[in-house]
Amino acid sequence: MGTRGREIVGMDVDRVVELLNKAFCDEWLAYHQYWLGAKVVKGPTKDNVIAELVQHAADELRHADMVANRIIQLGGTPITEPKKWYDSTNCGYEAPDDPYVQALLEQNIQGEQCAISVYHAMMQETKDKDPVTYELALQIMQDEVEHEEDLQALLEDLELMVTRGMK
Ligand SMILES: [Fe+2]
Ligand SMILES: [Fe+2]
C-alpha cells in the first residue's frame, strides 16, 4: 500500500476498491469466456474470429492485472476465491454452449457493451476524486470500445457473407 497515494484519494477508498474488485471479477470471467470461445467456435469466418478472440482474451487478462495492481496500491486485496467472482461480477459469464460464430459474437458483444458501461460509470464516480483510478478506467474503456467494434465488424462480415455469398 502506498500511504501518500492513498491519502490523495478524495473519496472513500473502500468504495474505490469495491468498484475495482467487481471489475476484477468481470475481467477474469471475460478472459475465460474468450479463451474458451476461441477453442470451441465453429462456422464460417471462424479463423478470423479465433484470431480476434485470442487477442481479446490476452487483453482481458492484462486488464485483470492492471486492476489488481491498483487494488493493491490502495491497500485492498483482489478477490482471492474464483467462486466469489460470480457474486461480485457486473457483467456475468456467458458460457459458450452454442459454438456457432454468430452466437459467440453476439454473446461477446453484449459483454463488451457491459464492460464499456462499467468503466464509464467508474470514471464518473472517480472523476476529480481519484485521478489514478480514473485514468486506469479510461485506458481500459478505450480497449473495450475497440473490442466492441472489432466484434461488430466480424459479425457484419459474417452477415454479408451469408446474405450476399461473399468471401
Ligand atoms: Fe477488459
Ligand atoms: Fe473487452
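Everything numeric here is computed off the predicted structure, so don't read it as measured data. Counting convention: from 1, in listed order, for ligands and their atoms alike.
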Three-point angle Glu60:OE1, the Fe ion (ligand 1), Glu144:OE2, rounded to the nearest 10°: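 Value, to the nearest 10 degrees: 120°.
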For the Fe ion (ligand 2): the N/O/S atom of His147 at shortest distance: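 Result for His147 and the Fe ion (ligand 2): ND1.
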Exercise: do Glu148 and Gln113 side chains pair donor with acceptor under 3.5 Å: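 Indeed, the side chains of Glu148 and Gln113 share at least one donor-acceptor pair under 3.5 Å.
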Polar contact flag, side-chain donor to acceptor under 3.5 angstrom, Thr45-Asp157: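 No.
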Geometric class of the His56/Tyr34 ring pair [parallel <30°, tilted 30-60°, perpendicular >60°]: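 Tyr34 and His56: perpendicular rings.
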Parallel, tilted or perpendicular: rings of Trp28 and Trp85 (30°, 60°):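 Because their plane-to-plane angle is under 30°, the rings of Trp85 and Trp28 count as parallel.
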N, O or S from His63 under 2.8 Å to the Fe ion (ligand 2):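 False for His63.
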Backbone or side-chain N/O/S of Glu148 under 2.8 Å of the Fe ion (ligand 2):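 Glu148 does not place any N, O or S atom closer than 2.8 Å to the Fe ion (ligand 2).
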Considering only N, O or S atoms of Glu27, the one closest to the Fe ion (ligand 1):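 This residue's closest N, O or S atom turns out to be OE1.
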Any donor-acceptor N/O pair, Gln107 side chain to Ala95 backbone, under 3.5 Å: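 Yes.
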